[in-house]
Amino acid sequence: EGSITDFDPEGCWMEVPAEDITETVEKYHYSPNQVARSLRTQSTNTVGMMVPDIGEYFSAVIKGIDEVLSERGYSMILMDSNESIAKEQTYAQLLYEKRIDGLILATVSHEAPWLDLYKRGKIPVLFFDNDPNLRDVCNLVLLDNIRAGQMAVEHLYEQGHRNIAVICGNQSETTAIKRAEGFRSA
């Protein structure tokens, strides 16, 4: 029921019946080109996500974010920086080149030299889990790690433990620094 108006090579407009279009689509297994569509819409409906290790903790976060993105018609490109600052920078550049619509990452660095690209491109960036100390240029979702350290000590103390030590991980990451601070203040 309908037609598509097209322009033929000889400079004439012609009507193409919808059934001819359907037949051609099926014959040549046509599917829309999302890259071409993104040029027109200026959106890829893709969000980049980068974590330092796809392990038990981050896999739950990844699944939750993917579920929310899927509900909203977005897909995710997932990168594992393997706790490497160099990889994080390389992947941030690669994701930018793929024209993602946003970036969500748990950074392993206190610096983000690539962040200027995202700012100029007006691509939103959300840091979670570790604070890169870039509050003036980014969004953050963080736990109260000081309170978490205090709560751990309080719980152990209530259980009768008196010789309590702390292992917090990489002391260059704010997550570990803040948890140790909470431990010492408890």
Side-chain angles (χ1 to χ4, degrees), residues 1-2 4-5 18 21-22 24-26 28-148 151 169-170 173-176 178-179:
E1 292 282 332
I4 297 176
T5 304
I21 300 296
T22 302
T24 302
V25 165
E26 290 172 3
Y28 293 104
H29 307 286
Y30 170 80
S31 65
N33 184 321
Q34 293 299 323
V35 174
R37 181 175 287 159
S38 72
L39 292 173
R40 183 176 49 79
T41 64
Q42 294 296 298
S43 175
T44 59
N45 280 37
T46 305
V47 172
M49 179 158 188
M50 195 181 331
V51 295
D53 178 32
I54 301 175
E56 187 175 325
Y57 169 72
F58 286 112
S59 66
V61 173
I62 292 163
K63 286 180 181 183
I65 291 172
D66 183 58
E67 184 176 320
V68 171
L69 290 173
S70 294
E71 290 170 359
R72 288 164 175 77
Y74 283 80
S75 59
M76 175 194 298
I77 298 175
L78 177 61
M79 303 291 209
D80 182 337
S81 69
N82 198 30
E83 301 278 348
S84 165
I85 293 171
K87 263 188 167 181
E88 181 176 291
Q89 291 177 355
T90 299
Y91 287 162
Q93 176 70 38
L94 177 67
L95 290 167
Y96 178 82
E97 292 169 2
K98 294 206 176 281
R99 302 296 184 247
I100 57 173
D101 293 331
L103 176 62
I104 302 169
L105 78 151
T107 186
V108 295
S109 176
H110 291 294
E111 298 176 4
W114 49 265
L115 194 56
D116 283 339
L117 278 175
Y118 284 76
K119 281 174 43 182
R120 283 193 307 271
K122 297 183 178 156
I123 299 171
V125 176
L126 172 70
F127 289 92
F128 75 99
D129 187 59
N130 191 34
D131 183 353
N133 295 314
L134 302 168
R135 284 190 177 80
D136 57 329
V137 294
C138 65
N139 299 301
L140 298 169
V141 175
L142 301 172
L143 296 174
D144 182 348
N145 285 299
I146 293 174
R147 184 67 188 125
M151 288 172 66
N170 187 341
E173 295 180 7
T174 57
T175 304
K178 298 292 184 183
R179 288 180 186 166

Trainee: Working to the nearest 0.5 angstrom, can you tell me the gap between L94 CG and I77 CD1?
Mentor: 7.5 Å

Trainee: Identify the heavy atoms of Y118 and A92 that sit nearest to each other, and give their distance.
Mentor: OH-O, 2.7 Å

Trainee: For the pair L95 and I123, evaluate side-chain contact (heavy atoms from CB on, under 4.5 Å) and give the outcome as yes or no after the intermediate values.
Mentor: CA-CA 11 Å; L95 290 167; I123 299 171; over 6 Å; no

Trainee: Kindly write out the residues that satisfy salt bridge (Lys or Arg N to Asp or Glu O under 4.0 Å) with R147, not counting sequence neighbours, or none if the list is empty.
Mentor: E154

Trainee: Could you go step by step and tell me if Q93 and Q89 meet the side chain to side chain donor-acceptor pair (under 3.5 Å) rule?
Mentor: CA-CA 6 Å; Q93 176 70 38; Q89 291 177 355; over 6 Å; no

Trainee: If you measure from CG on D80 to CD on E88, what distance do you get to the nearest 0.5 Å?
Mentor: 11.0 Å

Trainee: Working to the nearest 0.5 Å, report the span between CG of N82 and OH of Y91.
Mentor: 8.0 Å

Trainee: Just how far is it from atom NZ of K87 to atom CE of M50, taken to the nearest 0.5 Å?
Mentor: 11.0 Å

Trainee: Just to verify, what does N145 make a side-chain contact (heavy atoms from CB on, under 4.5 Å) with, not counting sequence neighbours?
Mentor: L143, T175, K178, R179

Trainee: Holding to side-chain contact (heavy atoms from CB on, under 4.5 Å), I want the full list of residues that pass it with Y30, two or more places apart in sequence or in another chain.
Mentor: V25, P32

Trainee: At their closest point, which heavy atom of D53 faces which heavy atom of F58, and how far apart are they?
Mentor: O-CD1, 3.2 Å

Trainee: Are the side chain of N130 and the backbone of T107 linked by a donor-acceptor contact shorter than 3.5 Å?
Mentor: yes

Trainee: Donor-acceptor pairs are to be reported for all side-chain atoms of residues 65-76 against protein atoms at under 3.5 Å, with residues two or more places apart or in another chain.
Mentor:
from : atom 1 : to  : atom 2 : distance (Å)
S70  : OG     : D66 : O      : 2.9
R72  : NH1    : V68 : O      : 3.4

Trainee: Which heavy-atom pair separates V108 from S81 by the least distance, and what is that distance?
Mentor: CG1-OG, 4.3 Å

Trainee: Show me, pair by pair, the donor-acceptor contacts under 3.5 angstrom made by side chains of residues 99-106, not counting sequence neighbours?
Mentor:
from : atom 1 : to  : atom 2 : distance (Å)
R99  : NH1    : Y96 : O      : 3.1
D101 : OD1    : T44 : N      : 3.2
D101 : OD2    : S43 : OG     : 2.9
D101 : OD2    : T44 : N      : 3.2
D101 : OD2    : N45 : N      : 2.6
D101 : OD2    : T46 : N      : 3.4

Trainee: Could you please spell out the steps behind the side-chain contact (heavy atoms from CB on, under 4.5 Å) verdict for V51 and V61?
Mentor: CA-CA 10 Å; V51 295; V61 173; over 6 Å; no

Trainee: Kindly write out the residues that satisfy side-chain contact (heavy atoms from CB on, under 4.5 Å) with V141, not counting sequence neighbours, or none if the list is empty.
Mentor: L126, F128

Trainee: Listed by chain and number, what are the side-chain hydrogen bond (donor to acceptor under 3.5 Å, both in side chains) partners of E83, not counting sequence neighbours?
Mentor: none

